[in-house]
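Each remark here refers to the structure printed beneath this line.
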Amino acid sequence: MTINNKDFLKTLLILAIPMILQNLLSVGVGFADNIMVGSLGERAIAGVMVANQIQNILIMLVVGISAALVLLAAQYWGKKDIDSVKAVVAIGVKIALLIGTAITVIVLLAPEMVLGIFTDDQNVIAEGVLYIRIIAFSYIFFCVTNSLMAAMRCVEVVKIAVVVSASTLVICVILNWLLIFGNLGFPALGVRGAAISTLTARIVETLIMVVYVRFIDKRLQIRFLELIRTNKQLLADFFKYGLPVMLGDVLWGIAGAAQIAIIGRLGESAMAANSVAMMMFQLTTIIVWGVSGASAIIIGKTVGSGDYEQVKVYARKMQVTFLCVGLVASALILLLRDPFISLYYFSEETQIIARQFMTIIGISIIGTAYHAPCFVGIIRAGGDTKFVLIVDAICAWLIVLPSAFIAAFVFNMPPWFVFVCLRSDQFFKWIIALIKTNRFKWIMNLTRENV
């Protein structure tokens, strides 16, 4: 079967560009916080970075739930079964709300204990507690917004996410400027000001999303009562096929937190340098995740329609796109490394470590940009949810974390060497992705005939 390259790229870009813009705006929020809080000093940015590890774990949980939602709902969308799409969305929203509420309660009850998992520096913990006691209230709003955005993505409605993210960026930047530094007569609240800004933005974006889904969207037209009901058959399918997706993202989120816990015991300079390096990583991978998200929708919808030969054609063309994105991202990191570091008020030691970290990311991102969307945008979206879980679990818990722990605490290696260990899987996972993707045994239709 042949397919017109122009039509394929047009379809991919129509879905990917709004996702890329959304990712850019979302990362822009973190970037604004990073720059403004960074001007308060290394201790402040380290405290916020540690506090944000809880947010990162929540993000991975919600990303996992959203991915499971899109996995099933996109296939039913390709099958034109709207009622089943709504039922899957309802399940995803309720699970996200439950998890967000649980994490909020835990953090508010024991903030010092939670932050102590990631660092033993009491000064950093003290800064983090000021931030997390406020930001914890945003978790539930974040869960609602992102599960509803996932619902829209699975039916190929992606522009609303750009509007939501744009509003968040504008609110955060303005309120950060007012509340962190005390401009225009507002109190100078430091890291607490950054937390209030983010909380306000989360509330606004949730309101926008709820209004859009309830009154503007014409594809699903979800009503509140439809979110309350639960289809038992689809609930079973959600956990059967979605649990490996959710578990994989949760394990990866926990592994990421464990990595921060290792870096967090290498000193304030290493923590601050890691914060800057990972911000650059996020900025340059927005295209990766945008293309990956678009690929997941296309693959899921096509598998649901039953046209498996078309799925193979799409998968081959997508792999070329992933590789090109990786090369561009690598070049950007290496070219912008020094100007990016100069934006921060860091000591010479921290600047050196940040430069080393960014160089490592700049090289490894080529592999990341290929294997990550292959795993998430093709293999997992095509129906094989367990394979990605197995690969990620083995790499994170048997290779990455043990090697970094030994390097840091047994051999007392320098921070850059520990960072290489933490990124080691990015240098070989692309080989696994290449072999698995091109065998096409991941194509599985997960829909039911009668629900």
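For reference, positions follow the sequence shown, starting with 1. Side-chain atoms are counted along with the backbone in the values below, which use heavy atoms only and exclude waters and symmetry mates. Keep in mind the model is a prediction, meaning the values are calculated, not measured.
- The only option from V144, V204, I160 that meets the side chain to side chain contact (heavy atoms under 4.5 Å, CB included) definition with M209 turns out to be I160.
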Verdict with supporting geometry, Y139 and R202, side chain to side chain contact (heavy atoms under 4.5 Å, CB included):
CA-CA 8 Å; Y139 296 163; R202 295 300 184 208; over 6 Å; no

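- Under a 3.5 Å cut-off, the side chain of T385 and the backbone N or O of P244 do not form any donor-acceptor pair.
- In the displayed structure, F405 atom CZ is contacted under 6.0 Å by at most 12 heavy atoms of other residues, nucleotides or ligands.
- The closest donor-acceptor contact from the side chain of R219 to the backbone of V155 lies under 3.5 Å.
- Side-chain atoms of S305 come within 3.5 Å of backbone N or O of T302 as a donor-acceptor pair.
- With hydrogens and angles ignored, the 3.5 Å screen pairs no side-chain donor or acceptor of S330 with any backbone N or O of L327.
- For residues 93-110, the set of pairs meeting the side chain to side chain donor-acceptor pair (under 3.5 Å) definition, not counting sequence neighbours, comprises K94-T230.
- Annotation: K429, atom NZ; neighbour count of heavy atoms from other residues, nucleotides and ligands within 6.0 Å is above 12.
- Checking side-chain atoms of T200 against main-chain N and O of I196 turns up a donor-acceptor pair under 3.5 Å.
- Formation of a donor-acceptor pair under 3.5 Å by the W442 side chain with backbone atoms of T437 is found in this model.
- The main-chain N or O of V303 is found under 3.5 Å from a side-chain atom of N445 such that the two form a donor-acceptor pair.
- A salt bridge is defined here as a Lys NZ or Arg NE, NH1 or NH2 lying under 4.0 Å from an Asp or Glu carboxylate O, and R229 with E226 fails to meet this definition.
- The backbone N or O of F141 lies less than 3.5 Å from a partner atom in the side chain of T206, making a donor-acceptor pair.
- For F417, the CZ atom is loosely surrounded, since the number of other residues' heavy atoms within 6.0 Å does not exceed 12.
- Side-chain atoms of T359 and W416, non-hydrogen and from C-beta on, never get closer than 4.5 Å to each other.
- Considering CG of L12 and OG of S295, their distance stands at 5.0 Å, rounded to 0.5 Å.
- Partners of I228 by side-chain contact (heavy atoms from CB on, under 4.5 Å), not counting sequence neighbours, listed by chain and number: F224, L225.
- Under 3.5 Å, the side chains of T447 and Q75 contain no donor-acceptor pair of N or O atoms.
- Under the rule for a side chain to side chain donor-acceptor pair (under 3.5 Å), the partners of Y370 that lie at least two apart in sequence or sit in another chain are Q319.
- Side chain to side chain, S66 and N146 fail the donor-acceptor criterion of an N or O pair below 3.5 Å.
- With a 6.0 Å radius and a threshold of 12 heavy atoms from other residues, nucleotides or ligands, F137 has its CZ atom at or below the threshold.
- Note that NE2 of H371 is 11.0 Å distant from CD1 of I431, once rounded to the nearest 0.5 Å.
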